Amino acid sequence: MAVEKRREGETIVLRLSNGPVNALSAGNGFVDQIAAAVDEAAGDPACRVIVIAGAGRMFCGGADIGDFDGAPTQVSRVRDVIAAVEACEKPVIMAIHGMALGGGLELAMAGHYRIAQAGSRLGLPEVTLGLLPGAGGTQRLPRLIGAGAALDMMLSGKPVTAEQAASSGLVDRLVDDDVVEAALEVARGAPPLRRTGALPVPVDLAEAVDARRAKLRAGLSQAPARIVDCVAALSDDLAAGLALEARLFGELMRSEASRGLRHAFFGERTVARIPGLAADVRPRDVRRVGVVGGGLMGTGIALALLNAGVPVTMVELRAEALSKAEAAIRKTIQRDVEKGRIGQDAADARMAAFTSATELEALAEADLVIEAVFEDMGVKKQVFSALDAITRPDAILASNTSTLDLDAIAALVADPSRVVGLHFFSPANIMRLLEVVRGRDTAPDVLATAMALGKRIGKVGVVSGVCDGFIGNRMFEEYLRQVYFLLEEGALPQQIDAAMERWGMAMGPCRTMDLAGHDIGWAIRKRRAVEQPDRPYSGVIDRICELGRFGQKSGKGIYVYPDGRTAQTDPEITRLIEDYSAEIGLQRRAIGDEEIVGRCLLALVNEGAHILEEGIAYRPVDIDMIYLHGYGFGRERGGPMFQADLMGLPAVLDRLRALAAGRNGWAWTPAPLIERLAATGGRFGDLDFQDGNAQ
Ligand code: T1G
């Protein structure tokens with residue numbers, strides 16, 4: 001971490017160097033180093049112009065997000081250095097390459113002249129963290145590009161290209177070659193001493209603020225509304241605007257939504273790390289992937305691979321199913337062209353990377369094969385036994401199974417170390433979650449290869465050990481168990497769904513199961529009734545299944561779907577639920593949203609704690625990322641384990657014990673891990689299972 005200084009004639013070049021993104025970290029003193037370097041150059045009589053650039057692959061990725069959980073003064077150090085740059089009596093030229101994001105762009109906007117290299121991107125993504133640009137962005141960006149364009153940029157959080165920045169006035173010059181050399185050339189002339197903060201208030205202010213305020217949507221994060229407030233306060237008094245911005249930033253920084261979103265930001269990166277993996281373990285090369293099975297999942301998996309440029313050979317033994325799969329793949333890729341997402345050349349290239357066959361022998365040269373056939377061990381046995389003989393010994397064999405024992409599948413091949421689970425979530429080309437299941441014998445480099453492939457195709461890969469349902473579905477079973485109990489006790493589907501969606505779930509559980517199909521859950525409950533007779537579900541949901549109401553795909557489920565898509569409540573289901581309660585002699589009672597949300601959330605938390613203590617999940621944050629990316633858990637809520645830490649584990653334990661004393665209390669036996677942490681004042685967030693021994 002350093003501010004590299006280079007003198008070029010009368011110009012001093014300061015190059016920011018701090019880790020992979022040159023984050024403006026106050027916690028490690030980097031921001032103080034920048035301030036000192038600027039101050040020294042400003043006071044250097046031999047220096048006429050200052051150039052600020054970034055080392056490595058970008059200008060600056062923003063303030064250090066990790067600083068925000070610390071003292072609030074960290075961000076004020078960033079503001080101070082930005083103010084010093086703008087007030088400098090010598091021209092400060094900003095030489096931008098790669099990315100200038102958040103505080104990085106705010107620093108650049110305090111410069112007196114900005115040059116950007118073609119291909120670089122500039123943005124204020126703070127809203128994605130439940131924050132607002134807290135170092136002058138709300139006051140300077142509108143002055144440079146107008147209030148409307150500035151609000152759109154800050155409310156979307158999306159970066160613009162250097163080309164767009166040049167045309168909007170955000171940057172003064174666009175160059176194709178070295179941006180520092182270009183800055184030196186400008187420095188040799190007479191660069192302007194133009195202070196952004198002194199520019200006039202944009203003329204479109206009132207209209208732009210009214211239009212965006214009218215479109216604000218309710219939500220946990222107040223960042224969008226506060227961004228509009230800051231822009232609305234624009235005036236000739238820059239200091240007043242900066243003071244309001246700083247105050248509102250502090251409020252947002254302490255908000256649950258921002259803490260949840262920051263947890264998600266770091267969590268998505270943490271889960272990529274496999275604890276205990278030896279430093280010398282390298283992923284294997286994967287140049288061609290085989291996909292066995294041309295059904296819904298096989299087709300989605302093939303698309304996920306092709307869309308990321310990974311060549312695919314699909315094998316489907318039934319010729320008709322194979323041509324149907326190929327047609328579906330072609331149609332989906334072509335739809336991306338029609339929607340302007342990709343060009344025709346890219347679409348053609350994707351299809352050119354797709355080959356298909358009706359014999360498994362076509363996979364003899366595949367580097368990795370993903371089996372996505374029917375969820376039946378007999379069928380898997382046939383496929384894996386054949387693959388074992390046909391594929392290269394160093395080829396990785398992956399199963400997309402979601403309910404079967406991966407270790408039992410691995411036992412079907414001579415070398416089980418090359419078997420891993422790749423549990424995609426439907427639709428496999430859309431859902432970002434990928435559970436990478438580590439079998440008892442899975443080799444470390446096989447696991448690393450699976451995780452690398454997941455990242456390559458844009459997935460959030462999370463390692464799971466082997467258990468029934470792995471991490472996500474195992475917890476979801478306990479969540480659904482409570483939903484069905486709530487139905488028989490007095491709640492109705494539409495109330496449960498509304499309560500969970502108001503709380504932050506993308507979709508309520510009843511609507512979710514109608515979409516996923518109740519037949520799969522019904523089969524699991526029948527299996528569990530034999531395997532775990534002491535853990536029964538409410539029979540109310542089976543009554544619905546016995547009517548053949550399997551959900552949207554059968555036109556009816558818990559809801560009815562007159563247009564095939566829109567869920568409508570069905571009085572027949574209301575009567576069925578009420579009759580079922582009477583049949584089991586249960587007096588229905590009014591159940592509040594708080595109880596609904598509490599029981600559904602605690603069911604996830606408690607099962608998640610069991611999963612952690614069994615070593616199935618490496619860390620609590622792995623569980624959280626699974627729920628954000630696979631189950632529509634509100635991103636601003638951070639995940640079930642994050643929520644438990646917000647509640648406090650002593651309070652969680654008290655709630656579990658109270659529920660354990662009630663009806664179906666057997667479902668609420670507190671996980672020993674929760675008891676241990678509650679007793680010692682610990683948090684899930686403080687746990688980190690470094691042993692890497694997920695079972
Ligand atoms: N702070 C701290 N760490 C950061 C960071 C940041 N701003 N950006 C990245 N990292 C870490 C990241 O955790 C990872 O660590 C490593 O750098 C590489 O990141 C006051 C309040 C810049 C597009 O929101 O979007 O400024 O896992 O894997 O894919 O108004 O990082 O290796 O240990 O993502 O090449 C605003 C966030 C901050 C940008 C690069 N800025 N970063 O993507 O690498 S708030 C942002 C990104 C702020 C001011 C406000 C991306 C990237 P590790 P990576 P990448």
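Order of appearance sets the numbers: ligands from 1, and atoms from 1 within every ligand. Please read all numbers here as calculations on a predicted model, not as lab measurements. Scope of the values below: all heavy atoms of this structure, side chains included, with no hydrogens, waters or symmetry mates.
Considering only non-hydrogen protein atoms, atom 2 (C) of ligand 1 sits nearest to Asp64 OD1, 3.3 Å.
Of all atoms in ligand 1, numbered sequentially from 1 with element shown, those under 4.0 Å from a heavy atom of Glu106 are 20 (C), 30 (O), 49 (C). Residue-ligand proximity, Phe249 to ligand 1, at heavy-atom distances under 4.0 Å covers atoms 21 (C). Near Ala135, the atoms of ligand 1 lying under 4.0 angstrom from a non-hydrogen atom of the residue are 30 (O).
Within a 6.0 Å sphere centred on CD of Glu4, other residues, nucleotides and ligands contribute more than 12 heavy atoms. By the neighbour-count criterion of 12 heavy atoms within 6.0 Å, atom CZ of Arg121 is sparsely surrounded, having that number or fewer from other residues, nucleotides or ligands. Open room surrounds NZ on Lys455; 12 or fewer heavy atoms of other groups in view lie less than 6.0 Å from it.
In this structure, Arg262 fails the cation-pi test against Phe266, since its NZ or CZ atom is not both closer than 6.0 Å to the six-membered ring centre and inside 45 degrees of the ring normal.
Not one N or O on the side chain of Arg635 forms a donor-acceptor pair closer than 3.5 Å with the backbone of Leu261.
Judged by the shortest distance from any of its heavy atoms, Arg273 lies inside the 4.0 Å radius around the atoms of ligand 1. Residue contact annotation: Arg79 has no non-hydrogen atom under 4.0 Å from ligand 1.
Counting only heavy atoms, the protein never gets under 4.0 Å from atom 11 (C) of ligand 1. When distances from atom 53 (P) of ligand 1 to the protein are checked, a heavy atom turns up under 4.0 Å. For atom 29 (O) of ligand 1, no protein heavy-atom neighbour is present inside the 4.0 Å cut-off.
The proximity of Val21 to ligand 1, defined as any non-hydrogen pair under 4.0 Å, is limited to the side chain. Within the 4.0 Å heavy-atom criterion, neither part of Val78 lies near ligand 1.
For Leu131, no nitrogen or oxygen atom sits less than 3.5 Å from a nitrogen or oxygen atom of ligand 1, counting backbone and side chain alike.
Atom 42 (N) of ligand 1 has its nearest heavy-atom neighbour, among Phe265, Phe68, Phe266, in Phe265. The option from Gly19, Cys60, Ser76, Ala63 that lies nearest to atom 26 (O) of ligand 1, judged by heavy atoms, is Ala63. Looking at Pro125, Gly137, Ala272, Gly102 and measuring to atom 46 (C) of ligand 1, the nearest heavy atom belongs to Pro125. Selection from Gly103, Pro20, Gly104 by nearest heavy atom to atom 17 (O) of ligand 1 gives Pro20. The residue among Gly61, Gly62, Gly98 with a heavy atom at the shortest distance from atom 41 (N) of ligand 1 is Gly61.
Classification of Arg212 and Asp152 as a salt-bridged pair holds, one side-chain N sitting under 4.0 Å from a carboxylate O. Under 4.0 Å is where a charged nitrogen must lie from a carboxylate oxygen, and between Arg213 and Asp210 no such pair does.
Side-chain atoms of Ser25 and Met1, non-hydrogen and from C-beta on, never get closer than 4.5 Å to each other.
Centroid-to-centroid, the aromatic rings of Tyr627 and Phe642 stay 6.0 Å apart or farther.
Judged by distance alone, the side chains of His423 and Glu435 do bring a donor and an acceptor atom under 3.5 Å apart.
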